[in-house]
Every structure is written in C-alpha cells, then in structure tokens.
Amino acid sequence: MIFDADLRPVVDDVLGANTDTAPGELWALLTELGWPVVGVAEDDGGAGGDLAAVAELAAGVGRHAAAVPLIETGLAAWALAGAGLPIAATAERAALALAPAGTVEARRDGTAGAAGGDWVFDGTVPRVRWLPEVPTVVLVVEQADATVVAILDAPPSAAPSADPTAPGAAAGAAGGVERDLAGEPSGPLRLDGLRLPADRVAVAPAGLAGDVLDRTAVLRAAAISGAVERACTLTKDHVTTRQQFGRPLSALPAVRQLVAGLAVERDLLDAALTVAVTRPGSGTAAAVRAVAARTAGTVATDTHQLHGAIGITQEYPLHLVTRRLWSWRDDEGTQRRWERLLGDEVIRTGSDEPLWSLVTGASA
C-alpha cells in the first residue's frame with residue numbers, strides 16, 4: 001500500500017539499499033534525513049508531515065525488515081510534543097512505554113523539603129520494545145483525569161545491576177536483554193519508587209494517552225502492512241518460478257486458492273489502513289489494529305506453507321518479515337484486546353448507528 005507516493009520511492013531507496021548496514025550507521029543516516037521526527041510539528045522541533053508520511057516510514061520498516069527503532073522513537077517524540085516537553089530527549093533513539101490506567105502510579109512527592117516537587121513512579125510496564133538498547137524511554141501514564149508523560153534514562157543493556165537510584169534511571173530486565181522472534185530487544189520497565197525531577201515530567205490532558213495508543217496502533221498496523229506486502233511478493237515470485245512436475249506451482253488449483261487468499265488479506269488490511277490514516281480516531285485505530293493482528297498470523301502461516309522448506313532457511317529472506325509479523329501481531333495487546341476496545345467504544349455511544357462511523361470515519 002502507498003500512503004505517500006512521493007515519499008515511498010525514497011523510503012525504498014534508503015532502507016532497501018541499507019539492509020546490511022550496521023544499525024548505528026543506518027540510524028545516523030535516518031537522523032540526518034530527519035525521519036525520526038517526521039509527523040512532529042516544526043514548531044515543536046520536528047520535521048513536520050502528516051500521519052500518511054509517518055505511516056509510509058513505518059511500512060518501509062516492515063517491508064525491508066529494518067532493525068531500527070524508527071517507529072518507537074517517532075512515537076516517543078510525538079508524545080513529548082503533545083505534553084509540551086522537549087523532543088531533543090529522543091535524539092539518540094528512544095522507546096515508548098504505555099501504561100494503561102491502574103498499572104503505574106504517578107504522584108507528586110509530598111515529603112517536606114523535596115527538591116522542586118519531584119515525581120515518584122511505582123509499577124511495571126510488562127514489555128517495552130527496544131528496551132534496554134536505547135538511551136531514553138518516554139513513559140505515558142494514563143490517569144482518570146490526566147496523562148502524565150515522563151522522560152526516563154533507560155538502563156544499560158549490559159549492566160542489570162546499574163544503580164536504580166540515579167536520577168531518572170529506571171530498572172530494566174534483570175539478566176540482560178530479551179529478544180523477540182524478530183531478534184529485536186524488549187523487556188519490562190520496572191518503576192520501583194523511581195524519582196524524577198519536575199522538569200522531566202509533564203501533566204497533559206487526559207485524552208493524550210488515548211491519542212498515543214491510537215497512533216501506535218495505526219503505525220504498528222502500517223509496519224505489519226509493509227511486512228505483509230513483502231511476504232506476498234516473495235510468495236508470488238516463488239510459486240510462479242518454482243517448477244513441479246514440469247509446470248509452475250501457480251498452476252495448481254490449491255496453490256492459486258491460497259495465493260488469492262493472501263491477496264484478500266492484504267487488501268483488507270490496506271482498506272482498513274486507508275480509513276485509519278485519513279480519518280484517525282479511536283474506532284478506526286482499534287479496527288485496523290484488530291485486522292492487522294489477524295492478517296499477520298494468516299499471512300505468515302500461508303506464505304510459509306506455499307514456500308515449503310525453502311521458506312524456513314536462513315538464506316531466504318521470508319523469515320525476516322514473517323518473524324516480525326508474529327512478533328508485532330501481539331504488540332500493545334492481542335487481537336482480542338483491540339476487538340474489545342472497539343466494542344467498548346460502541347457500548348459507550350449507546351446505539352448501533354455509530355458502529356459504521358467508528359470503523360470507517362464516516363459521519364454519524
């Protein structure tokens with residue numbers, strides 16, 4: 001799917017030509033291009049651009065299996081800008097930690113003499129992508145009447161015993177870095193009485209937490225869309241060139257049926273993304289994320305079935321995108337969670353009529 005026709009060829013040129021580049025070198029190039037802060041207003045220190053441009057970058061990450069925290073850093077910068085905090089904290093890469101209501105306590109220190117009205121955080125965010133291999137974590141805490149946004153120093157990946165009492169330093173996963181199916185780092189963020197000075201924390205409107213979650217859902221779905229596109233392309237090429245019994249695999253009715261099913265799944269996700277990107281909202285975000293989760297599992301399974309043994313070899317590139325599909329499928333929650341969020345939105349409105357507008361962005 002093309003979100004931004006002008007940006008797509010540039011994304012393919014940069015990410016496609018640097019698949020074997022060291023992550024640090026690739027990140028330096030992306031920073032030079034300003035991509036980590038695309039979608040953040042120029043007045044806030046960003047590069048400007050709309051959601052379609054950011055989605056094009058996210059899809060490129062999926063299509064080319066780029067092992068860089070481009071999506072996460074951009075989301076972290078966008079959250080900081082929304083809370084009025086400086087986005088410069090994300091300059092060297094960042095992770096985003098979303099804490100739903102009731103999971104993390106954020107409070108002002110009422111102790112007499114506390115310097116500058118420090119904030120204290122307690123609780124755990126179970127899984128934060130790219131922690132602890134980034135220097136900064138942006139924590140977004142949902143509360144009943146506000147959103148608390150904080151800038152944390154991520155724990156060193158090689159030093160689980162690092163001093164957790166250092167200002168702004170959060171405790172990471174003991175025992176070092178955990179890696180998901182895609183080989184990318186992630187881990188729990190533990191905030192056991194973490195103290196932060198007031199200049200690292202902002203109280204924003206209550207809706208910001210929901211907006212960040214919605215944007216995360218759309219961009220993760222866009223990344224899944226890019227990976228789905230690459231998996232489908234590899235599969236189509238394979239079944240049309242691989243010969244069996246003197247004819248290509250694509251001549252077999254069962255193969256053609258599976259390939260057609262892949263196209264349906266891809267197009268369904270693309271249709272949902274078109275709505276979510278052009279008409280953003282809680283309903284469209286939840287809908288596209290639920291669709292993306294389903295599509296990810298189906299496409300990963302069926303493309304491997306159509307490839308046979310070659311699809312599981314290290315040398316063949318299919319695993320680069322399918323491992324990401326399986327990993328990204330349940331990021332920020334399972335398909336069931338997103339379906340329930342959509343259902344909650346419908347119940348909140350009090351009638352069936354808004355369901356169509358929730359998932360299509362149409363006027364009620």
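These numbers were taken from a predicted model, which means no experiment stands behind them. Along the sequence shown, the residues carry numbers beginning at 1.
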From [atom1] ([X]) to [atom2] ([Y]), nearest 0.5 Å:
{"X": "Leu57", "Y": "Leu30", "atom1": "CG", "atom2": "CG", "answer": "8.5 Å"}
{"X": "Arg63", "Y": "Thr233", "atom1": "CZ", "atom2": "OG1", "answer": "9.5 Å"}
{"X": "Leu85", "Y": "Asp44", "atom1": "CG", "atom2": "CG", "answer": "10.5 Å"}
{"X": "Arg195", "Y": "Asp109", "atom1": "CZ", "atom2": "CG", "answer": "4.0 Å"}
{"X": "Leu152", "Y": "Arg200", "atom1": "CG", "atom2": "CZ", "answer": "7.5 Å"}
{"X": "Glu56", "Y": "Ile2", "atom1": "CD", "atom2": "CD1", "answer": "7.0 Å"}

Hydrophobic cluster identity match, [X] and [Y], side-chain contacts under 4.5 Å:
{"X": "Leu325", "Y": "Val68", "result": "yes"}
{"X": "Leu306", "Y": "Ile310", "result": "no"}
{"X": "Leu318", "Y": "Leu262", "result": "no"}
{"X": "Val134", "Y": "Leu196", "result": "no"}
{"X": "Val137", "Y": "Val120", "result": "no"}

Just so I know, are the side chains of [X] and [Y] near enough to count as touching, which here means a heavy-atom distance under 4.5 Å?
{"X": "Gln335", "Y": "Arg329", "value": "no"}
{"X": "Arg107", "Y": "Phe121", "value": "no"}
{"X": "His304", "Y": "Ile312", "value": "yes"}
{"X": "Pro248", "Y": "Thr241", "value": "no"}
{"X": "Val201", "Y": "Val148", "value": "yes"}
{"X": "Pro36", "Y": "Thr31", "value": "yes"}
{"X": "Val140", "Y": "Leu208", "value": "no"}
{"X": "Val37", "Y": "Ile87", "value": "yes"}

What is the minimum heavy-atom distance between [X] and [Y], and which atoms define it?
{"X": "Thr240", "Y": "Asp237", "result": "OG1-O, 3.1 Å"}
{"X": "Ala52", "Y": "Asp4", "result": "O-CB, 4.3 Å"}
{"X": "Ala106", "Y": "Val141", "result": "CB-CG1, 4.5 Å"}
{"X": "Asp13", "Y": "Ala17", "result": "O-CB, 3.0 Å"}
{"X": "Ala222", "Y": "Phe3", "result": "CB-CZ, 4.2 Å"}
{"X": "Met1", "Y": "Thr274", "result": "CE-OG1, 2.7 Å"}

NZ/NE/NH1/NH2 to OD/OE distance under 4.0 Å, [X] and [Y]:
{"X": "Asp118", "Y": "Arg108", "answer": "no"}
{"X": "Arg337", "Y": "Asp330", "answer": "no"}
{"X": "Arg289", "Y": "Glu339", "answer": "no"}
{"X": "Glu178", "Y": "Arg127", "answer": "no"}
{"X": "Asp180", "Y": "Arg323", "answer": "no"}
{"X": "Glu133", "Y": "Arg179", "answer": "yes"}

Can you tell me if [X] has over 12 outside heavy atoms packed within less than 6.0 Å of its [atom1]?
{"X": "Asp199", "atom1": "CG", "result": "yes"}
{"X": "Gln243", "atom1": "CD", "result": "yes"}
{"X": "Glu92", "atom1": "CD", "result": "no"}
{"X": "Arg256", "atom1": "CZ", "result": "yes"}

Self-check item: His238: ring pair (Phe, Tyr, Trp, His ring centres under 6.0 Å) partners, not counting sequence neighbours
Solution: His307
[Y] versus [X], side-chain donor and acceptor atoms under 3.5 Å:
{"X": "Asn18", "Y": "His64", "value": "no"}
{"X": "Thr322", "Y": "Trp326", "value": "no"}
{"X": "Thr136", "Y": "Asp153", "value": "no"}
{"X": "Ser225", "Y": "Arg230", "value": "no"}

Quiz prompt | Among Leu249, Leu252, Leu258, side-chain contact (heavy atoms from CB on, under 4.5 Å) partner for Val239 | solution = Leu249
Whether the side chain of [X] engages the backbone of [Y] through a donor-acceptor N/O pair (distance < 3.5 Å, no angle test) should be reported.
{"X": "Arg324", "Y": "Leu320", "result": "yes"}
{"X": "Thr103", "Y": "Pro100", "result": "yes"}
{"X": "Thr21", "Y": "Leu26", "result": "no"}
{"X": "Glu42", "Y": "Gly46", "result": "no"}
{"X": "Thr147", "Y": "Ala209", "result": "yes"}
{"X": "Glu72", "Y": "Ala95", "result": "no"}

Practice problem: Give the intermediate values and the outcome of side-chain contact (heavy atoms from CB on, under 4.5 Å) for residues Ile224 and Val299. | Solution: CA-CA 10 Å; Ile224 288 173; Val299 169; over 6 Å; no
Quiz item: Can you list the steps and then say if Tyr316 with Leu234 is a side-chain contact (heavy atoms from CB on, under 4.5 Å)?
Solution: CA-CA 10 Å; Tyr316 192 76; Leu234 289 169; 4.0 Å; yes
Exercise. Scan for side chain to side chain donor-acceptor pair (under 3.5 Å) pairs involving residues 204-217, sequence neighbours excluded, and state none if there are none.
Key: Asp214-Ser282
Quiz item: Can you check side-chain contact (heavy atoms from CB on, under 4.5 Å) on Thr124 and Val104, steps first, answer last?
Solution: CA-CA 6 Å; Thr124 298; Val104 168; over 6 Å; no
Quiz item: Does the pair Glu229 and Arg8 meet the rule for a salt bridge (Lys or Arg N to Asp or Glu O under 4.0 Å), with working shown?
Solution: CA-CA 13 Å; Glu229 180 184 343; Arg8 167 141 180 171; 2.6 Å; yes
Quiz item: When you look at Arg129 and Ile71, which way does the side-chain contact (heavy atoms from CB on, under 4.5 Å) test go after all the steps?
Solution: CA-CA 10 Å; Arg129 183 168 289 279; Ile71 298 171; over 6 Å; no
